[in-house]
Structure formats: C-alpha cells, structure tokens
Amino acid sequence: MSTHTPTEADVLRPMRSTSRRYHLVLACVLVAIGLFLAGWAYQLQHGLIVTGLADWGSSGGVTWGLYIGAFIWWVGIAHGGIILSAAVRLLGMDRYMPVARLAELLTLAGLSVAGLYIIIHMGRPDRMVTSILGNYHVTVHNSPLVWDVTVITLYFVMTATYLALTLRYDLVRLRDSLPDRFEPLYRLLTAGYTEREDPVVERMVWWLALAIIILAPLLLHGGVIPWLFALIPTMPGWFGSIQGPQFLTIALTSAISGVIILSFAFRAAYGWDHIISDDVFRGLTLWLGFFALLFLWLQLQQIVGGSFAAPLDQSAATSAKLSHPVYLIAIGMVGVSLAYIFAQAIRPSLFSKPRAVLASVTVLTATLLEKVFFVVEGLMYPTFSLYEATPGSYVPSLIEMGSVVGTVAIVVLFFMVVSKVIPVVELHAIEHLQERETAEDELEPPADAAEMEVGT
C-alpha cells in the first residue's frame with residue numbers, strides 16, 4: 001500500500017507487481033488480437049471483396065468505409081493526446097502533469113494502429129512499398145494521401161523524441177530500482193547523460209511542445225487530414241473549410257475521453273488515487289464538455305449551411321444525414337454526455353469517476369460512428385450521381401468491425417507492456433505533488449496552536 005504522499009515507489013509499482021487480473025486482461029486482449037489477425041488473413045487471401053469495398057458500386061457505392069473512418073478516429077485520438085501533453089507543459093497546467101505521459105503514449109499507440117489501417121485498406125501490404133515509398137519523390141508533389149502519410153510520420157517522430165527526452169531524467173534517477181532485464185534499453189535511452197543537460201532538455205522539450213501545438217491546426221487534424229475530404233467540391237457532404245476545425249475538435253474530444261479512461265484504469269489498478277486525484281478527473285471532464293460543445297456547435301453550422309437555401313446537391317446530402325439513424329444516434333450520445341457534464345458542473349454531487357468514464361466511452365463511440373458515417377455518406381451523395389441506381393446500402397462487415405476491436409486490443413496491450421518497461425507517470429509530476437503537499441503542510445498551523453486559538 002502507498003502512503004498519502006506520492007513517492008518513487010508508486011511510480012515503480014506497475015513495473016514490479018503483476019496480478020491475476022493483469023493476466024486475465026492480457027489473455028482477453030490476445031484473443032481479440034488473434035481474431036483480428038485471423039480476419040485480416042482471410043481478407044488477404046480472398047481480397048477486399050470480403051468487405052464489399054473492392055470496387056466502386058459494390059455494397060451500395062462506397063470504396064471507403066469503416067476502415068477509413070476508424071483511421072481518422074485513431075489519428076484524431078493520437079493528435080489530441082500529444083496536444084494535451086504539450087499544453088500541460090506550455091501553459092503551466094501542472095494539475096494535469098500526472099496524466100501527461102499517458103497522453104504521449106496514447107499518441108504513439110494511436111498513430112501506430114492508424115498506420116496499420118492504411119496498410120489493411122490497401123488490400124496488399126506490398127503496395128505501401130511499390131506505390132508510396134518507391135515513388136515518394138513523385139507522389140509527394142501531387143497526392144494529398146502521401147501528404148497524410150508524411151505528416152503522420154513526422155508527428156510520430158516528434159512525439160517519440162518528446163517522450164525520449166523526458167524519459168532520460170526519470171530513468172537516471174530510478175536506475176537502481178528498474179528491472180535488470182531491460183538494462184540495455186535503459187543504457188541506450190540514457191547514453192551520454194549528465195545533469196548539465198537537464199535545463200537544455202527542458203528548453204528542447206518546450207520548443208517541441210510549441211511546434212506540436214502549431215503544427216496540429218496547420219498540418220495535422222486541422223490541416224492535411226481534413227483536406228483529403230474538404231478539397232473535393234464534387235462531394236458536398238465533405239467539401240468546405242469547416243472540416244478543419246471540425247476534425248480538430250473531434251480529435252481533442254476523443255483524446256480527452258481516452259486519457260480519462262486510461263487514467264481511471266491505472267488509478268484503479270495501482271492505487272494511484274493520491275497521484276491521479278479526483279480533481280484531475282473533474283478538470284478533464286470539464287474539458288471534455290467544452291470540446292464536445294464545440295463539436296456539436298460545428299455540426300450545427302454544417303446542418304444550417306446545408307439546409308437553408310443550399311445548392312441542390314448539398315441540400316440532398318444534408319437531408320440524408322439528418323434522416324439517418326447512425327448520425328442521429330452519434331449526435332444524441334454526445335448531447336447526453338454533454339448534458340451530464342454540465343449538470344455535474346452545476347451540482348458537484350453528481351460527479352463520480354465511473355460516470356466520467358461512462359461519458360468518455362459514450363463520446364468515443366459517438367465520434368467513431370460520426371467519422372464512419374462522414375466517410376460513407378460523403379461517397380453516397382456526390383454531385384454527379386453516377387451510381388445512384390446501385391442497389392443496396394453499405395453495412396460494415398464482421399471483418400471490419402473486428403478490426404476496431406482488434407486495434408483497441410492492440411492499444412491496450414501496448415499500455416500493458418510499456419507500463420512494465422518505463423514509468424508511465426513523470427518523476428517531475430511526483431516531485432511537483434510532493435512540493436505542493438510540503439507547502440500546504442507549512443501553511444497549516446500546528447495542532448496545538450489551533451487548539452489554543454479555539455480555547456481563547
């Protein structure tokens with residue numbers, strides 16, 4: 001059991017203890033990943049036709065479906081995660097320092113499975129080499145899809161560098177308590193370390209955080225990724241400059257939801273109630289409500305713009321959106337979560353961590369549904385309805401749905417493994433909490449003095 005004041009032993013607990021519950025979760029995760037890989041192997045054997053996405057016109061006229069929707073969803077979670085961590089450092093939001101590294105790790109995991117979706121959707125993985133890497137010097141000049149691969153790779157490298165720089169401080173000071181079997185990795189990560197580099201690294205990390213904050217709206221979930229859709233005027237459901245801010249708000253909403261769920265899981269598993277406090281959950285929940293409100297507001301802007309005296313093609317796409325149950329369910333789920341967040345802000349007694357987690361899961365599910373719907377409906381209602389007579393409508397196959405479960409399981413496995421290798425809470429966060437508690441103790445009058453004052 002941990003003491004009230006956070007210590008280094010608390011940070012090391014995930015690396016030292018492995019419970020029966022850990023092995024049970026690990027078994028479930030491996031089964032889910034195995035089923036996902038079996039489905040992918042079946043797709044590789046028979047082709048994308050098993051999903052109904054092989055050719056334009058099959059299964060209702062869509063070439064992109066759940067795979068691309070889930071890709072956008074994971075990229076959004078990843079980008080929002082590192083934005084949250086960078087904001088903690090840039091804006092001095094010390095309250096959220098205990099969850100900053102979880103957000104960084106969520107970025108690496110999210111980008112990894114997002115890239116996996118691109119490989120899955122290409123049908124043949126070798127096309128990644130022959131079509132993109134082999135001809136990169138040509139395609140990068142004229143293909144937004146290659147821009148997408150480029151900026152995602154850039155963000156992965158920046159996030160990995162950001163994490164590696166902050167890890168050096170922790171690994172050196174915890175070296176004697178870390179597992180010996182990972183000593184070669186620790187030696188590599190701390191090569192050439194001296195205490196004189198600490199202020200230099202702090203400045204480097206600050207500038208990296210600034211670059212991340214700047215690049216997010218310009219190139220990532222506010223730029224290149226929405227441009228894949230927003231710059232196609234023949235797709236009225238996609239076209240428009242509002243897609244940049246819409247994608248960015250969905251990314252931040254999804255990422256905060258993911259960090260809340262991760263924080264709750266680690267707190268419950270390792271008794272970190274004094275590290276990831278209720279105050280952190282309250283703050284994250286309020287931020288979730290703020291970005292969920294922006295998400296709904298931007299959706300309203302699109303609906304009003306597509307309904308009031310709009311061109312015929314945009315009006316048709318908007319009418320289809322408003323009449324589809326998937327879209328209405330997604331918006332309703334965000335609305336219900338937002339109503340709870342506002343209610344608990346007004347009446348704090350309504351707040352509880354399980355309710356915050358439930359709201360986060362609801363929002364994550366809603367954003368996934370919205371992104372998949374966005375991709376599919378944009379293809380179903382082009383300006384030139386060349387495939388209007390195509391029978392049927394798109395419904396995700398079991399293989400596609402299994403991929404979502406599988407990628408979620410991969411991310412869970414990532415955190416289960418990483419938490420055994422490196423500290424998932426920064427040592428700076430523990431030191432900050434210790435300093436704050438020391439300051440509070442110094443301000444609090446001694447018990448005997450308080451009793452004398454009461455007696456007087």
Side-chain angles (χ1 to χ4, degrees), residues 1-2 6 9-33 73-74 77-78 80-82 84-85 88 95-113 163 253-288 337 340-341 351-365 367-368 404-426 429-430 433:
M1 294 296 291
S2 62
D10 293 323
V11 176
L12 294 168
R13 190 173 300 128
M15 307 169 73
R16 291 175 172 174
S17 61
T18 303
S19 64
R20 181 180 300 177
R21 183 169 53 179
Y22 179 93
H23 289 107
L24 179 61
V25 173
L26 180 62
C28 294
V29 164
L30 292 176
V31 169
I33 294 174
W73 184 65
W74 275 119
I77 293 173
I82 192 59
L84 173 62
S85 177
V88 169
R95 174 186 189 180
Y96 304 107
M97 282 183 65
V99 299
R101 183 163 291 165
L102 289 175
E104 297 162 22
L105 292 170
L106 182 60
T107 295
L108 295 179
L111 289 177
S112 298
V113 293
L163 177 63
T253 303
S254 303
I256 292 174
S257 298
V259 171
I260 290 174
I261 295 169
L262 283 171
S263 301
F264 180 81
F266 275 96
R267 171 177 158 141
Y270 300 109
W272 283 353
D273 54 300
H274 56 303
I275 297 177
I276 307 176
S277 64
D278 288 1
D279 192 42
V280 172
F281 281 98
R282 287 182 185 275
L284 288 174
T285 304
L286 290 175
W287 279 111
L288 174 61
S337 299
Y340 161 71
I341 292 169
F351 171 81
S352 71
K353 294 180 291 297
R355 289 174 183 168
V357 171
L358 178 60
S360 300
V361 173
T362 302
V363 169
L364 273 177
T365 305
T367 52
L368 175 61
V404 176
V405 177
T407 51
V408 170
I410 290 173
V411 171
V412 174
L413 179 63
F414 172 85
F415 276 95
M416 294 181 73
V417 172
V418 168
S419 65
K420 297 297 180 185
V421 181
I422 63 172
V424 295
V425 173
E426 282 191 56
I430 300 300
L433 289 172

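Positions are given from 1 along the sequence.
Closest approach of Arg101 to Glu426, counting heavy atoms only: NH2-CG, 3.3 Å. In terms of heavy-atom proximity, Ser263 sits nearest to Leu102 at OG-CD1, 4.0 Å. Scanning all heavy atoms of the two residues, the minimum distance from Ile33 to Gly406 falls at CG1-O, 4.1 Å. Looking at every heavy atom in both residues, Trp74 comes nearest to Gly110 through CB-O, 3.8 Å. Nearest heavy-atom pair, Met416 versus Ser419, reported as atom, atom and distance to 0.1 Å: O-OG, 3.1 Å. The shortest heavy-atom contact between Pro423 and Val11 is CB-CG1, 3.4 Å.
A distance of 11.5 Å separates CD1 in Ile261 from CG in Leu284, rounded to the nearest 0.5 Å. In this structure, Thr107 OG1 and Glu104 CD are separated by 7.5 Å, a value rounded to the nearest 0.5 Å. With rounding to the nearest 0.5 angstrom, the CG atom of Leu288 is 10.5 Å from the OH atom of Tyr340. Annotation: the span from Met97 atom CE to Ile430 atom CD1 amounts to 9.0 Å, rounded to 0.5 Å. How far OG1 of Thr285 is from CZ of Phe281: 8.0 Å, rounded to the nearest 0.5 Å. Taking CG from Leu24 and CZ from Arg21, the interatomic distance works out to 10.0 Å, rounded to the nearest 0.5 Å.
Thr367 places a side-chain heavy atom less than 4.5 Å from the side chain of Val363. Tyr96 is not listed as a side-chain neighbour of Asp279, based on a closest heavy-atom distance of 4.5 Å or more. Here the side chains of Val99 and Phe266 are not in contact, with every heavy-atom distance at 4.5 Å or above. The side-chain heavy atoms of Trp272 and Val424, taken from C-beta on, include a pair separated by under 4.5 Å. Taking 4.5 Å as the limit, every side-chain heavy atom of Asp10 sits out of range of all side-chain heavy atoms of Tyr270. The shortest side-chain heavy-atom distance between Asp278 and Asp273 does not fall under the 4.5 Å cut-off. Taking 4.5 Å as the limit, every side-chain heavy atom of Leu433 sits out of range of all side-chain heavy atoms of His274. Put simply, the side chain of Trp73 reaches to within 4.5 Å of the side chain of Leu364, judged on heavy atoms.
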Intermediate values then yes/no, side-chain contact (heavy atoms from CB on, under 4.5 Å), Leu84 and Trp287: CA-CA 10 Å; Leu84 173 62; Trp287 279 111; over 6 Å; no
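When atom types are taken as modelled, the side chain of Ser85 and the backbone of Gly81 share no donor-acceptor pair closer than 3.5 angstrom. At distances below 3.5 Å, at least one donor-acceptor pair connects side-chain atoms of Lys420 with backbone N or O atoms of Ser17.
Under the side chain to side chain contact (heavy atoms under 4.5 Å, CB included) test applied with Leu105, the options Leu163, Ile82, Val411, Leu262 reduce to a single match, Leu163.
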